[in-house]
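Structure record follows, encoded as C-alpha cells.
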Amino acid sequence: MMTLDQLNAAGEDALVALLDGIYEHSPWIARRAFAARPADGFASLAALKHALARVVREASVDEQLGLIRAHPELAGKAMVAKTLTAESTNEQRTAGLTDCSPEEFARLQQLNADYNARFGWPFILAVRGPRGLGLTRHQIIDTFARRLNAHPDIERAECLRNIHRIAEIRLNDKFGITPTLGNQVWDWAESLARFSDPGFAENGQLTVLYLTDAHRAAAAQLADWMRECGFDEVGIDAVGNVVGVYHGTDADAPRLLTGSHYDTVRNGGKYDGRLGILVPMACVRELHRQGRRLRHGLEVVGFSEEEGQRYKATFLGSSALVGRFDPTWLDQADADGVVLRDLMREAGLPATMDAIQALRRDPARYLGFIEVHIEQGPVLNELDLPLGIVTSINGSIRYVGELRGLASHAGTTPMDRRRDAAAAVAELILYVEERAGAVPEVVGTVGQLQVPNGSINVIPGRCRFSLDLRATTDEARDALDADVRARLAAICERRGLSFTLERTEAAAAAPSDPAWQARWEQAVAALGLPAHRMPSGAGHDAMKLHQAMPQAMLFQRGLNLGISHNPLEAISNDDTELCVQAFQALLDRL
Ligand SMILES: [Zn+2]
C-alpha cells in the first residue's frame, strides 16, 4: 500500500514512478503535480487528487486531448486484442464488458465509431461508476448514447472529469482506501429510492409527493435508520417531518439543528434533499459507534415537503419549525381535489393548527441551522471541487406577464406598421440576459413563452411570458427588477404595445451567518481542500430556518454536469465521504 508520507517524501522521478498508471500513459501530470506540491506536502489524499485535476485543468487543450486519446476505446480493439494496461483490463472486466453479448458488442462498436467520427477522440467513462462497484452494460450503453449528442467542448470536459474519477478510484486502490462513510450514505440514498409513487415507480422513476404511501414509507424508513444509528429520540411530527435527536453531554446547552427534505419533484433524483438528512445521520452513527457525545445535542430533521409539487404551499415542513405554516394551506386541494387537512388526517396526523404551531422551535434553544445539499448546478464540477461553501441563498422575484399588440396579416402589414407582441418579448429576453450577465451573482430567466392562438401567417397580437429574477442580495435583486421593468415599459412605449405584469412570488435573500459560514470553511480546509465560496441559486429549507436562527449551507458536487431534478442526478461515494468528514470536522470544533 502507498502512503501519503511516501509521496510527500519522494523526489520528482520517484513521485512520477509512484503515480504510474493513475493517469493513462501521461506521466507529465504527476511531474507537474510534483512542481505544485506544497512545501509541507499534500495535506490529504483529497488534496493530492485535487492537485492532479488542477494540473489537467490548467494544461493546454492539446495536452488535454492527448490525455483523452491515451485511453483505449470501451470494449474496443485493444480489449479484444488484450493489449490494455492492467488497470484498464481490470476496469473493463469489472464492468462486464468482456462478457458482452454479440448484440451489445456490435452496439458498442457502432457507438465507438459514431463517437470517434463526431469528436475525434475515444469515449471516456469511469465504468466503475459513482459507487465504485461497476456500472451495468446497460448503463454504459445508455450513457454512451446520451453523450454522443453533447457539444464538443462540454463533452471534452466530461471526458476529463471521468478521467479524474478513474484516477480517483485507482488512487483509492493504491492507498487501500474505502470510503465507508460515503458508501453508507450512498447506499441509504439508493435504498430510500425504492419508495416511489404509483405511475412513476413502474417506470423506474423516483417521485415522492407529500404524504403519499411512498412518502410515508420513506419517512418510516428514515426513522428506523435513525434508531439504528443510535439517535436517542426519533419521531414523526405533526407535518410529517422525521426528527431525530442525539443528546449532548450538557442538557442545558443549545442544540445544533440540521436537515433537509425527503420529498422529491416528479421524476427527480435520489440525492436532492436526502443527502442533507443522511450525512448527519452517518455522523451520529459514527459518534454512537465510538461511544462519543458532543457537548451540544444534534437534532436532525428530514423535512416532509420542500418542493411544492402537490400543493401550492412549499417548504411546508420547515415552515412549521419557524411558525410560518399558513393556516389557509390546510384548505388547499391538490390536482385530484384532495384537501390537505383530510390528507393529513388520513395519514394519522392531527391536522390542527394547535399541533402544527407546537412544532415551532424556540431559537434560544438552538445554536443555529446548517444544511448539506447537492449543488444542483455545474460550478463545482467545472472547478474539480467536491465541496463548496454557500455565502447566500438567492433572493428571487417572479412574474407572469402579457404583452398586447395587434394581430394582423403577416403578408399585408408592412414591417414598420407592426405591433408584434412576441418580437417585443424577444427584445425583453435579450435585455434580461445582458443586464443579468453584466453583474456577478445575479441571474434572470424567461422560462415560459406563449403566443396564444398563434398562427404561421399572423403577427403575434399577444405574447405571454414568465420572468424569474434572482440575486445574492435583496439590493441587487431589486436593482435588476427595477431595470427590467423600466426596460419593459420603454419597449412597449416605443413599439406601441400595452402590457400586464403580475408578481407571483418574492423571496428575500438569505445570506449565510458569517460565523457558521466560517465553520464550514474551516471544516473543508481541514480536509486539505480549498474553501470555495458560492451563492445558492436554488431555494432550500435553510431559507426558511433563516427567519428564526443563523444558518449556513455546504454544497456537494453533483456528477453529470451537476444536473438535478432529473434521474441523471448523481454523486460519488468519494465526494460523499468528504462531505461526511466535513460535517464531522464541524461538529468536532463546536
Ligand atoms: Zn432540495
Side-chain angles (χ1 to χ4, degrees), residues 185-186 188-190 192-193 195-197 205-210 214-215 218-219 222 239-242 257-281 300-311 313-322 369-381 387-390 392-396 443 468 470 505 507 509-510 512 534-546 551-571 575-576 579 583:
V185 168
W186 204 98
W188 272 331
E190 190 67 20
L192 200 59
F195 304 112
S196 181
D197 290 342
Q205 298 176 345
L206 177 63
T207 302
V208 179
L209 303 189
Y210 188 54
H215 184 272
L222 282 170
V239 296
N241 296 327
V242 185
L257 191 62
T258 187
S260 194
H261 60 98
Y262 65 88
D263 69 322
T264 73
V265 296
R266 291 179 175 85
N267 195 16
K270 298 169 184 167
Y271 311 99
D272 175 6
R274 293 154 176 227
L275 183 72
I277 309 167
L278 302 174
V279 165
M281 275 169 54
V300 181
V301 183
F303 293 109
S304 54
E305 201 283 336
E306 189 260 9
E307 300 284 7
Q309 296 276 304
R310 184 164 184 179
Y311 292 92
T314 54
F315 297 99
L316 222 145
S318 43
S319 291
L321 266 66
V322 294
F369 178 78
I370 56 176
E371 181 174 356
V372 164
H373 206 282
I374 51 167
E375 180 205 342
Q376 303 183 284
V379 175
L380 292 173
N381 230 302
L387 301 170
I389 294 117
V390 177
S392 177
I393 305 169
N394 281 358
S396 65
V443 289
D468 176 306
R470 304 185 195 211
E505 196 187 297
S512 300
M534 59 190 297
S536 169
H540 295 293
D541 289 299
M543 235 171 142
K544 276 287 150 196
L545 272 300
H546 183 83
Q551 60 79 24
M553 295 184 69
L554 179 71
F555 274 170
Q556 181 180 323
R557 154 174 68 184
L559 309 182
N560 295 327
L561 314 174
I563 196 166
S564 180
H565 286 184
N566 186 300
L568 289 174
E569 189 181 288
I571 57 174
D575 287 355
T576 311
C579 190
F583 206 108

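For ligands, and for the atoms within them, numbers begin at 1 and follow the listed sequence. As a basis for the values below, the full set of heavy atoms in this structure was taken, side chains included, without hydrogen atoms, waters or symmetry mates.
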Between T576 and Q556, a side-chain donor and acceptor under 3.5 Å: yes
Ring centers of Y262, H215 separated by less than 6.0 Å: yes
Nearest heavy-atom neighbours spanning L321 and N241: CD1-ND2, 3.5 Å
Partners passing side chain to side chain donor-acceptor pair (under 3.5 Å) against S260 (at least two apart in sequence or in another chain): E371
Partner set under ring pair (Phe, Tyr, Trp, His ring centres under 6.0 Å) for H546, not counting sequence neighbours: none
Counterpart residues, ring pair (Phe, Tyr, Trp, His ring centres under 6.0 Å), relative to F315 (two or more places apart): none
Within less than 2.8 Å of the Zn ion (ligand 1): protein N, O or S atom count: 3
